[in-house]
Amino acid sequence: FKSWRDKFLKFSVNRRIETTARKVANYTPQLFKVVDFANRKAAPYASGLLVKVGSFRFLISTAHSLYDQKQLGRVQIGIVVNSNLVIPKAKIKITEFKKEFKGNENIDLAIWCLQDKTQIAKIESEYKFLDASQVDFNHKGNASETYLILGFPITRTKITPGSIAPKVF
């Protein structure tokens with residue numbers, strides 16, 4: 001009897017995690033870096049989060065993922081929408097990146113303020129923007145709560161001619 005109950009609980013928990021992950025994935029695109037602009041080649045690079053605050057639309061990722069791009073003086077990172085790489089026309093704010101983190105004093109964020117309404121519409125054809133009013137920015141976690149972390153490890157993304165298959169982690 002115990003093994004049947006354990007299997008049922010495991011199945012129920014896994015199903016809830018899968019359902020939640022699918023919802024979260026609607027707001028979480030994989031980001032790609034242009035590696036060969038002339039030949040329109042891109043490689044998996046990071047994960048992002050799409051957020052809306054009123055009429056503004058944002059793409060949020062990590063500052064460390066933009067460090068080498070910032071050093072080059074340009075950011076060539078985008079989102080694949082309908083098999084096309086959309087490189088956002090945006091103002092970008094990046095927190096100061098430090099290679100060594102010391103506790104909670106460092107915030108590792110890159111924020112694109114998306115400005116091109118046509119690009120926003122393209123992104124919205126495949127993704128959703130999370131309404132910031134649904135986010136508890138002052139949340140204090142505790143050990144009894146369960147959290148879901150979702151992202152796209154670049155080693156799990158398969159790219160073949162004509163298709164990109166990101167694998168969610």
Exercise. How would you list all residue pairs meeting salt bridge (Lys or Arg N to Asp or Glu O under 4.0 Å) that involve residues 43-54, not counting sequence neighbours?
Worked result: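 Listed once each, the pairs would be none.
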Exercise. Between Phe129, Phe56, Phe58, which is the residue that forms a side chain to side chain contact (heavy atoms under 4.5 Å, CB included) with Leu114?
Worked result: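 Result: among Phe129, Phe56, Phe58, Phe129 is the only option passing the side chain to side chain contact (heavy atoms under 4.5 Å, CB included) with Leu114.
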Exercise. Among Leu85, Asn84, Ile123, which one satisfies side chain to side chain contact (heavy atoms under 4.5 Å, CB included) with Ile79?
Worked result: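 Answer after filtering Leu85, Asn84, Ile123: Ile123.
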Would you please name every residue forming a salt bridge (charged side-chain N to carboxylate O under 4.0 Å, His left out) with [X], sequence neighbours left out?
X      : answer
Lys23  : none
Glu124 : Arg57
Asp131 : none

Problem set entry | Set of residues satisfying side chain to side chain contact (heavy atoms under 4.5 Å, CB included) with respect to Glu126, sequence neighbours excluded |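 In terms of side chain to side chain contact (heavy atoms under 4.5 Å, CB included), with neighbours along the sequence ignored, Glu126 is linked to Val81, Asn82.
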Problem set entry | Contacts of Lys89 that satisfy side chain to side chain contact (heavy atoms under 4.5 Å, CB included) - sequence neighbours left out |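 So Lys89 forms a side chain to side chain contact (heavy atoms under 4.5 Å, CB included) with Asp116, Gln119.
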What's the shortest heavy-atom distance between [X] and [Y], and which atoms?
X     : Y      : value
Gly48 : Leu59  : CA-CD1, 4.1 Å
Pro88 : Gly78  : CD-CA, 4.0 Å
Ser61 : Trp112 : CB-CZ3, 3.7 Å
Gln30 : Pro44  : NE2-CB, 3.3 Å

Problem set entry | Distance, nearest 0.5 Å, that separates NZ of Lys33 from CD of Gln76 |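 Reported to 0.5 Å precision, the distance equals 11.0 Å.
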Problem set entry | Side-chain donor/acceptor of Thr62 to backbone N/O of Leu109, under 3.5 Å |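 No, Thr62 side chain to Leu109 backbone: no donor-acceptor pair under 3.5 Å.
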Exercise. Going through the distances and angles, do Ile77 and Phe32 end up as a side-chain contact (heavy atoms from CB on, under 4.5 Å)?
Worked result: CA-CA 5 Å; Ile77 293 176; Phe32 291 82; over 6 Å; no
Exercise. Are Leu50 and Lys128 close enough, and set up right, to give a side-chain contact (heavy atoms from CB on, under 4.5 Å), and what steps lead you there?
Worked result: CA-CA 7 Å; Leu50 297 166; Lys128 296 178 181 179; over 6 Å; no
Exercise. Is any side-chain heavy atom of Val34 less than 4.5 Å from a side-chain heavy atom of Ile87?
Worked result: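 Yes - at least one pair of side-chain heavy atoms lies under 4.5 Å apart.
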